[in-house]
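Scroll down for the structure; my scribbles are underneath it.
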Amino acid sequence: MNEQDIANGIMKTFINIDKLEKAIDQFSCFDYESNHYLFEFKSRNTLYNPWIIERYKLDCNCDIADNASKDFIYVTECLNTGYIWNISKLKRNNYDFKFEVRSAPESTELPNKNNRNMIDKEVGYLYVEDAVIIKL
């Protein structure tokens, strides 16, 4: 499922949400935004519990969202199901992301996934039971 499909599914499910617009800068920390939210989308073929969120992405998006008086929303899609976390709200409620440094692929966008450069990244964990789950 591509980013626009995910955005459309969110707008269809949450009919009162403002229109989601793709980020103008292709190198932006976030993928889409609305009047009240910034969105980061991930699409995977495997269901994880917990899901991983990179600390750098979390901090970058939360800073941008805070400065724009918005909330940062993290969405993972797997098999046409969306798992949605309001990261800003979780932070306000002192959610324990259980951050740790672990070896991870430098990029998930590499064409040959068997030949990845591994680097240390600080990551946190998001549990399915803490997500809003929707069919996309």
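Position 1 is the first residue of the sequence; numbering continues from there.
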Close side-chain approach of Ile87 and Ile73, heavy atoms under 4.5 Å
no
Do Tyr74 and Phe72 touch side chain to side chain, with heavy atoms closer than 4.5 Å?
yes
Of all the heavy-atom pairs spanning Met11 and Ile17, show the shortest one and how long it is.
CA-CG2, 4.0 Å
Pair Glu3 + Lys22: basic N to acidic O under 4.0 Å:
yes
Taking C-beta and beyond as the side chain, do Lys91 and Phe97 meet within less than 4.5 Å on heavy atoms?
yes
For side chain to side chain contact (heavy atoms under 4.5 Å, CB included), just list the numbers for Leu20 and Phe14, CA-CA rounded to whole Å, side-chain angles, deciding distance to a tenth of an Å, and then say yes or no.
CA-CA 11 Å; Leu20 275 61; Phe14 301 102; over 6 Å; no
Please find the pair of heavy atoms, one from Ile6 and one from Val75, that lie closest to each other, and give the distance.
CG2-CG1, 4.0 Å
In Å and rounded to the nearest 0.5 Å, what is the CG to SG distance from Leu58 to Cys29?
11.0 Å
Taking C-beta and beyond as the side chain, do Ile119 and Lys121 meet within less than 4.5 Å on heavy atoms?
yes
I'd like to check Thr76 versus Arg44 (side-chain heavy atoms, cut-off strictly below 4.5 Å). Are they in contact?
no
Under-4.0 Å salt bridge between Arg92 and Asp71:
yes
Between Tyr32 and Glu40, a side-chain donor and acceptor under 3.5 Å
no
Counting N and O atoms only, with roles assigned by atom type, does the side chain of Asp120 sit under 3.5 Å from a partner on the main chain of Val101, one being a donor and the other an acceptor?
no
Are side-chain heavy atoms of Tyr125 and Phe99 found at a separation under 4.5 Å?
no
Is Ile53 linked to Leu90 within one hydrophobic cluster, defined over Ile, Leu, Val, Met, Phe, Trp and Tyr using a side-chain heavy-atom separation of less than 4.5 Å?
yes
Is Val132 linked to Trp51 within one hydrophobic cluster, defined over Ile, Leu, Val, Met, Phe, Trp and Tyr using a side-chain heavy-atom separation of less than 4.5 Å?
no
Given 3.5 Å as the limit, does a donor-acceptor pair link the side chain of Asp5 with the main chain of Met1, or not?
no
Cationic N near anionic O, under 4.0 Å, Lys42 to Glu77
no
Is there a side chain to side chain donor-acceptor pair (under 3.5 Å) between Lys135 and Thr81 once you walk through the steps?
CA-CA 5 Å; Lys135 282 294 182 193; Thr81 300; 2.9 Å; yes
Distance from Asp66 atom CG to Asp59 atom CG, nearest 0.5 Å?
10.5 Å
Is any side-chain heavy atom of Lys70 less than 4.5 Å from a side-chain heavy atom of Ile64?
no
Any donor-acceptor pair under 3.5 Å from Asn86 side chain to Ser88 backbone
yes
Out of curiosity, Lys19 NZ to Ser34 OG, how far, rounded to the nearest 0.5 Å?
12.0 Å
Determine, using the 4.5 Å side-chain heavy-atom cutoff (strictly less than), whether Leu136 and Ile84 are members of one ILVMFWY cluster.
yes
Gap between atom CD of Glu100 and atom NZ of Lys98 - 0.5 Å precision
10.5 Å
If two hydrophobic side chains count as joined below 4.5 Å and joins carry through other members, does Leu47 share a cluster with Ile133?
yes
About how many Å separate CD1 of Ile134 and OG1 of Thr13, when rounded to the nearest 0.5 Å?
4.0 Å
Determine whether Tyr83 and Phe41 fall in the same hydrophobic cluster, where Ile, Leu, Val, Met, Phe, Trp and Tyr are linked whenever their side-chain heavy atoms lie under 4.5 Å apart.
no
Aromatic ring proximity Phe39/Phe30, centre distance under 6.0 Å
no
What do you reckon, is CG of Asn93 surrounded by more than 12 foreign heavy atoms closer than 6.0 Å?
yes
With heavy-atom distances below 4.5 Å as the criterion, would you say the side chains of Tyr95 and Tyr127 are in contact?
yes
Working to the nearest 0.5 Å, report the span between OG of Ser69 and NE2 of His36.
11.0 Å
